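Structure first, commentary second.
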Amino acid sequence: MKICCIGAGYVGGPTMAVIALKCPSVEVAVVDISVKRIAAWNSNRLPIYEPGLYDIVAQCRGRNLSFSTDVEKHVSEADIVFISVNTPTKTFGLGAGKAADLTYWESAARTIADVSTSDKIVVEKSTVPVRTGESLKKILTHNSKGINYQILSNPEFLAEGTAVQDLLRPDRVLIGGLETPEGKKAAQVLKDVYAHWVPEDRIITINLWSAELSKLVANAYLAQRISSINSISALCEATGADVSEVARAVGKDSRVGPMYLNASFGFGGSAFIKDILSLVYICKCNGLTDVAEYWKQVLKINDFQKSRFVKRVISSMFNTVVGKKIAVLGFAFKKDTGDTRDTPVIDVCKGLLDDKATLSIYDPQVSEEQLIYDLTMQKLDWDRSSSNQLLILSPTEMKQVHTARNAYEAAEGAHGVCILNDWDEFRELDYRKIYEAMCKPAFIFDGRNVVDPEKLRAIGFIVYSIGKPLDAWVKSIAVAV
Ligand code: UDX
Ligand code: ADP
């Protein structure tokens, strides 16, 4: 059997590597239009940082796993074609800032239609709006030359940073297909691939539209949990409760469960924001305004939380950060990844730079080049129309941004330190050394509850931790919400 995956990104690369590892008899080709990306997959420095991934790629590459830019050849030879291209939020035209942009997806679908000469199972791996399978069928069959295409939805639930473990031991594998005999047969073929390593009771076959929608809903539910606990973190700060204790108490109820209850200054990443926007848009297109408004609140609370964090920083530092150096620890959207797509750190940086702070940013996996690219590229404000594209940072603001080689360098001479992602190394820093090298009073703003505030207070820091009892100083300052 031959499998081809169109799209060698954060989803396509790791997923195909694990399929190749677990199914030695299957030939897996991952294709992409990006020459640079494919070259990196074929090198010793993979294009994405993902713990454990390199070993698997090294083991399978050249055996039954290949990476190529020859999209047409591998698609035409494959029995199963996965579409795993990016489906970002539209940045212009109808549905800008809301709907999923299906340009890459459509181009991949058209390639399959153009080059196929034999029957194929085509699998939607990318997250797509519900009923995209119908459009896929239209594109594939409009000039099908008698070829039989079976369409399946097989959304991917891996999280970055734990992708390999998620793929090796998934909670579930979802396969959506049509209820026809051919549809059921195709679903069985894909099920047999996963059955090489996934227990059968974890492979769920459902209707195509349910599978497409389930992916959006799963992400929306996870994001909703975070916004829920984040909203409560604000109440904890106002009342003296501790959000970690509240989360623990609530999460012990087996009906709630403990996961995704870590309060933070806001969630980010390539999935949650984009997928909720897409869900909201689909609801609106179906006339479900109240349902759309309900889910939109998850994003509103996320924006509230990011802006609340920035206000805490500025107001605690005597309401001015003009010319003050602030160390920013963490730039990727979470630990164990170098991915900066939709990282909430950008919003915090922007907020601090608006008040004319000077930033020294350090992230173990984000290059200076990437960081500058992210801070200067255009961003679409999700709640506005397409005419409101924002340039994230002006050239003047960029002069206030520096990168550091490590946390100590970032904090040297700083007035404040903001901890903005949860890399393990941030837990283990020598905070006494950091304190000694900082201007006094020295502030720490922990946006991820990574450090023990009491230990840092004992060193001499003024500490703000999301949702935790406030320092007398921080508490005494009125913050405009
Ligand atoms: C998510 C889903 O988890 C995954 O199933 C889906 O396939 C893709 O989207 P990912 O975006 O890679 O995965 O990361 P995830 O670990 O879910 O974190 C998303 C964001 O939420 C990060 O910014 C993270 O720091 C934040 N988060 C997560 C919290 O703020 N609190 C939590 O308790 C959990
Ligand atoms: P994800 O996180 O969903 O995997 P990425 O952006 O990391 O998204 O990866 C998607 C990949 O799909 C990119 O490397 C991009 O170059 C590739 N791609 C997009 N459109 C096509 C296409 N028509 N043919 C081949 N590759 C494509």
Side-chain angles (χ1 to χ4, degrees), residues 1-71 73-75 77-86 108 121-127 152 154-175 189-199 202-203 215 269-271 332 334 336-339 341 365:
M1 178 190 282
K2 286 190 178 179
I3 288 179
C4 173
C5 174
I6 306 180
Y10 284 87
V11 173
T15 310
M16 293 304 127
V18 169
I19 290 181
L21 177 77
K22 294 295 181 179
C23 310
S25 60
V26 176
E27 262 184 60
V28 182
V30 190
V31 296
D32 202 294
I33 39 176
S34 163
V35 175
K36 196 172 156 201
R37 234 182 197 185
I38 290 298
W41 279 110
N42 282 319
S43 77
N44 290 339
R45 203 173 150 76
L46 302 185
I48 61 174
Y49 173 76
E50 194 61 66
L53 182 60
Y54 180 75
D55 289 347
I56 296 177
V57 171
Q59 202 177 323
C60 303
R61 213 170 38 190
R63 185 187 77 182
N64 63 333
L65 176 66
S66 62
F67 296 92
S68 167
T69 50
D70 195 343
V71 180
K73 171 181 181 290
H74 290 285
V75 168
E77 288 175 358
D79 305 295
I80 304 180
V81 181
F82 284 85
I83 302 181
S84 190
V85 299
N86 35 335
I121 296 173
V122 181
V123 185
E124 298 171 340
K125 186 53 110 176
S126 320
T127 306
L152 299 175
N154 172 221
E156 185 47 62
F157 295 101
L158 67 80
E160 289 175 33
T162 53
V164 169
Q165 288 313 312
D166 295 342
L167 287 162
L168 290 174
R169 275 178 285 279
D171 287 343
R172 79 305 209 183
V173 167
L174 211 54
I175 300 176
V189 172
L190 187 57
K191 192 172 175 183
D192 291 343
V193 171
Y194 284 106
H196 279 81
W197 78 98
V198 180
R202 293 196 175 204
I203 307 176
K215 173 64 202 239
S270 68
K334 65 174 193 178
D336 287 340
T337 179
D339 193 357
R341 288 176 295 174
Q365 280 296 330

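This structure is a prediction, so every number in the text was calculated from the model and none was measured.
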- Message: Working to the nearest 0.5 angstrom, can you tell me the gap between Cys5 SG and His74 NE2?
- Response: 12.5 Å

- Determine, stepwise, if the pair Ile33 / Thr69 fulfils side-chain contact (heavy atoms from CB on, under 4.5 Å). CA-CA 6 Å; Ile33 39 176; Thr69 50; over 6 Å; no

- Message: I'd like to check Trp41 versus Val57 (side-chain heavy atoms, cut-off strictly below 4.5 Å). Are they in contact?
- Response: yes

- Task: Taking only Lys NZ, Arg NE, NH1 and NH2, and the carboxylate oxygens of Asp or Glu, determine whether Glu160 and Arg341 approach each other closer than 4.0 Å.
- Result: yes

- Please tell me if the side chains of Glu124 and Leu152 come closer than 4.5 Å, counting only heavy atoms from C-beta onward. no

- Query: If every non-hydrogen atom of Ala332 is compared with every non-hydrogen atom of Gly338, which pair is closest and at what distance?
  - Reply: CB-C, 4.1 Å

- Item | Closest non-hydrogen atom pair between Ser84 and Val11, with its separation | OG-CG1, 3.6 Å

- Side chains of Asn154 and Tyr194, donor plus acceptor under 3.5 Å: yes

- Message: Any non-hydrogen side-chain atom of Lys125 less than 4.5 Å from a side-chain atom of Ile83?
- Response: no

- Query: How far does CG of Asp55 sit from SG of Cys60, to the nearest 0.5 angstrom?
  - Reply: 10.5 Å

- Message: Looking at Val85, is its backbone amide N or carbonyl O close enough to the side chain of Ser126 to form a donor-acceptor pair, meaning the two atoms are under 3.5 Å apart?
- Response: yes

- Just one of Ile175, Leu174, Val193 clears the side-chain contact (heavy atoms from CB on, under 4.5 Å) bar with Ile203, so which one? Ile175

- Kindly check if the number of other-residue, nucleotide or ligand heavy atoms within 6.0 Å of CD (Glu27) is above 12? no

- If we only count heavy atoms from C-beta on, is the Ile48 to Leu53 side-chain gap below 4.5 Å? yes

- Query: If you take all heavy atoms of Val164 and Pro51, which pair is closest and at what distance?
  - Reply: CG2-O, 3.5 Å

- Gap between atom CG of Leu190 and atom CZ of Phe82 - 0.5 Å precision: 5.0 Å

- Message: For the CZ atom of Arg63 and the CG atom of Leu65, what is their distance to the nearest 0.5 Å?
- Response: 8.5 Å

- Could you check Val81 against Ile121 for side-chain contact (heavy atoms from CB on, under 4.5 Å), going step by step and ending with a plain yes or no? CA-CA 6 Å; Val81 181; Ile121 296 173; over 6 Å; no

- Query: Between Arg202 (side chain) and Pro170 (backbone), is there a donor-acceptor pair under 3.5 Å?
  - Reply: yes

- Item | Step-by-step side-chain contact (heavy atoms from CB on, under 4.5 Å) determination, Tyr10 to Thr337 | CA-CA 10 Å; Tyr10 284 87; Thr337 179; 4.3 Å; yes

- Task: Would you tell me whether Gln165 and Arg169 have side-chain atoms, one donor and one acceptor, within less than 3.5 Å of each other?
- Result: yes

- If you round to the nearest 0.5 Å, how far is CZ of Arg61 from CG of Leu46? 6.5 Å

- Task: Determine yes or no for a side-chain-to-main-chain donor-acceptor pair under 3.5 angstrom, with Glu50 supplying the side chain and Thr162 the backbone.
- Result: yes

- Query: Cys4 and side-chain contact (heavy atoms from CB on, under 4.5 Å): which partner among Asp79, Val31, Ile80?
  - Reply: Val31

- Task: Decide yes or no on side-chain contact (heavy atoms from CB on, under 4.5 Å) for Val26 and Lys2, but give the supporting numbers first.
- Result: CA-CA 6 Å; Val26 176; Lys2 286 190 178 179; over 6 Å; no

- Name all residues meeting the salt bridge (charged side-chain N to carboxylate O under 4.0 Å, His left out) criterion together with Arg37; count only those two or more places apart in sequence or in a different chain, and write none if there are none. none

- Tell me, do Val189 and Met1 make a side-chain contact under 4.5 Å, heavy atoms counted? yes

- Task: Indicate yes or no for a side-chain donor-acceptor contact from Asp32 to the backbone of Ala8 under 3.5 Å, with no hydrogens or angles considered.
- Result: yes

- Message: Nearest 0.5 Å, please: how far is CE in Met16 from CG in Leu21?
- Response: 13.0 Å

- Message: Check whether Trp197 reaches the backbone of Leu167 with its side chain - one donor and one acceptor, N or O, closer than 3.5 Å.
- Response: yes

- Message: Can you see whether Tyr54 engages Asn44 through a side-chain donor-acceptor pair at a distance of less than 3.5 angstrom?
- Response: yes

